[in-house]
There are 2 protein chains.
Amino acid sequence: MVSSRLQKGFSRQQVANITGLSARQLNYWRRTGVIEPSSTTQGGHARYSFTDLIALKTVKQLLEQGVSLQKVRKSILALLQYLPMQQQPFSELKVIATGDVVLVFHQGVAMDALTGQEWIMEVAELEKEIVRQYPDAFQLVVEQEELFTANTDKKAS
Amino acid sequence: MVSSRLQKGFSRQQVANITGLSARQLNYWRRTGVIEPSSTTQGGHARYSFTDLIALKTVKQLLEQGVSLQKVRKSILALLQYLPMQQQPFSELKVIATGDVVLVFHQGVAMDALTGQEWIMEVAELEKEIVRQYPDAFQLVVEQEELFTANTDKKAS
DNA sequence: TTGTGACAAAAAAGTGCTTTTTTTGTAGCA
DNA sequence: TGCTACAAAAAAAGCACTTTTTTGTCACAA
């Protein structure tokens, strides 16, 4: 399928074969701005780059995870907007998708691809926060554990 | 607020003060199974453990991230179900919440707290997959880059 | 003080229906 | 082959409405 060593990019049919997407879909996505081929022949035929292939594969996965095409479209916009990388925009990224949310991991940060919001909630931090604000609370825990250890043989339950 | 060193747990009012939740909420949550106090006095009064405090703080954060209480309830069930830890069930966890989804990170794995599904999509893997299946594809990329480098001064765009 | 029950208001979730989006097919043309 | 255009079927998104859930306040009992 991928034949010539002299071609300038992948044709629609080649991309369809490689990615498992239908040629028809590729047209539609091109027209509606999901993934557009990064170059075009003089006759107006699509030529997809290797990077395009990866992007298309990514989109396919997202769809299979239940993300709607509309959200995919928005997510890709956000990706390009918030992660302005040049040559390999999608690689080195970890992506998590559940029906409604697309999350992108990059350099230890989790980002919502739709909103651009970044956050991770560390439960251990909540613990520390309580202890900082209420030192007695932790004291209490220690004492409880001591009591528990001491009374293990006495208690039946 | 946290006074005695001999008490067996935190009272409702103490928990309310520490967590910032309302006493009413704690009652309701107790009755409807969001977070139940891990022990009870003979008179039926709630006694929350330190771990309960952390769980409650976690829930509060989730609510503030826009997760509904119903989803929180389901998520907590899933958490306990899929991560059966004994003493400190919530610590060492990283949690990510966007409106509809609660994700839990534990030992390098991301899990949807609602469904228990685990996945991370590594974009770099998609890349490798393509190259594995279609070695020519990568060949093509290399050639393209060579061509690109060679023609840089010729091309205006 | 804490818990329970009752009433009420606000928030969230479910439902059925319509509209829009997406996919696919077909045909003409370069 | 591949693009365009028209068309039809399937899937998703919106919307208005109802129902459920959640929270607050109050009165009363333990």
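Below, chain A is the first sequence line, B the second, and so on; all start at residue 1.
Following rounding to the nearest Å, A/Glu64 (CD) and C/dT23 (P) show an atom-to-atom distance of 12 Å. Distance A/Tyr48 OH to D/dC3 C1': 11 Å, rounded to the nearest Å. Atom CD of A/Gln42 is separated from atom P of C/dA30 by 18 Å (rounded to the nearest Å). One can place CG of B/Leu63 at 13 Å from C1' of D/dT21, the figure rounded to the nearest angstrom. When the C1' atom of D/dA30 is taken as reference, atom CZ of B/Arg12 falls 14 Å away, rounded to whole Å. Taking atom CD on A/Gln25 and atom C1' on D/dA11, their separation rounds to 13 Å, with Å as the unit. B/Lys71 has its NZ atom 9 Å from the C1' atom of C/dA13, to the nearest Å. For A/Asn27 and D/dC3, the CG to P distance is 5 Å, given to the nearest whole Å.
Within 4.0 Å of A/Gly44, counting heavy atoms only, lie sugar-phosphate atoms of the nucleic acid but no base atom. B/Ala23 comes within 4.0 angstrom of no nucleic acid atom, judged by non-hydrogen atoms across all strands.
Of the listed nucleotides (C/dT22, C/dT24, D/dG24), C/dT22 has the atom at the smallest distance from the side chain of A/Gln70. The side chain of B/His45 has C/dT1 as its nearest neighbour among D/dC3, C/dT1, D/dT22. Of the candidates C/dA13, C/dT2, C/dG3, the closest approach to any side-chain atom of B/Gln13 belongs to C/dT2. When distances are taken from the side chain of A/Arg73 to each of C/dT22, D/dT23, C/dG3, the shortest belongs to C/dT22. Minimum atom distance to the side chain of A/Ser22 is reached by C/dT24, of the listed C/dG3, D/dT23, C/dT24.
Of the two residues contacting DNA chain C, namely A/Ser68 and B/Lys74, the nearest-nucleotide position lying further toward the 5' end is that of B/Lys74. In this structure, B/Gly66 and B/Arg30 both approach DNA chain C, and ranking their closest nucleotides by distance from the 5' end singles out B/Arg30.
Looking at B/Asp52, its side chain does come within 3.5 Å of a backbone N or O of B/Ser38 through a donor-acceptor pair.
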Residues B/Phe105, A/Phe105; criterion ring-ring contact (aromatic ring centres under 6.0 Å, His included); working and verdict
CA-CA 12 Å; B/Phe105 287 81; A/Phe105 288 81; 5.2 Å; yes
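Contact annotation: A/Trp29 does not reach the phosphate of C/dT22 (side-chain N/O to OP1 or OP2, under 4.0 Å). Here A/Thr32 does not reach the OP1 or OP2 of C/dT22: none of its side-chain N or O atoms lies under 4.0 Å away. A/Arg31 has no side-chain polar atom (N or O) that falls below the 4.0 Å cut-off from OP1 or OP2 of D/dT4. Remark: A/Ser11 is not in phosphate contact with D/dT1, judged by side-chain N or O atoms under 4.0 Å from OP1 or OP2. In terms of phosphate contacts, B/Tyr28 brings no side-chain nitrogen or oxygen within less than 4.0 Å of OP1 or OP2 of D/dT23.
Taking CD of A/Glu125 as the reference point, atom CZ of A/Arg132 lies at 6.5 Å (rounded to 0.5 Å). For the atom pair CG (B/Leu63) and CD (B/Gln65), the distance works out to 10.0 Å, reported to the nearest 0.5 Å.
Judged by atom type and distance alone, B/Arg24 reaches the base of D/dG24 through a side-chain donor-acceptor pair under 3.5 Å.
Residues A/Pro37 and A/Arg47 share a closest heavy-atom pair of CB-O, 3.5 Å. Smallest separation of non-hydrogen atoms from A/Glu36 and A/Tyr48: C-CE2, 4.4 Å.
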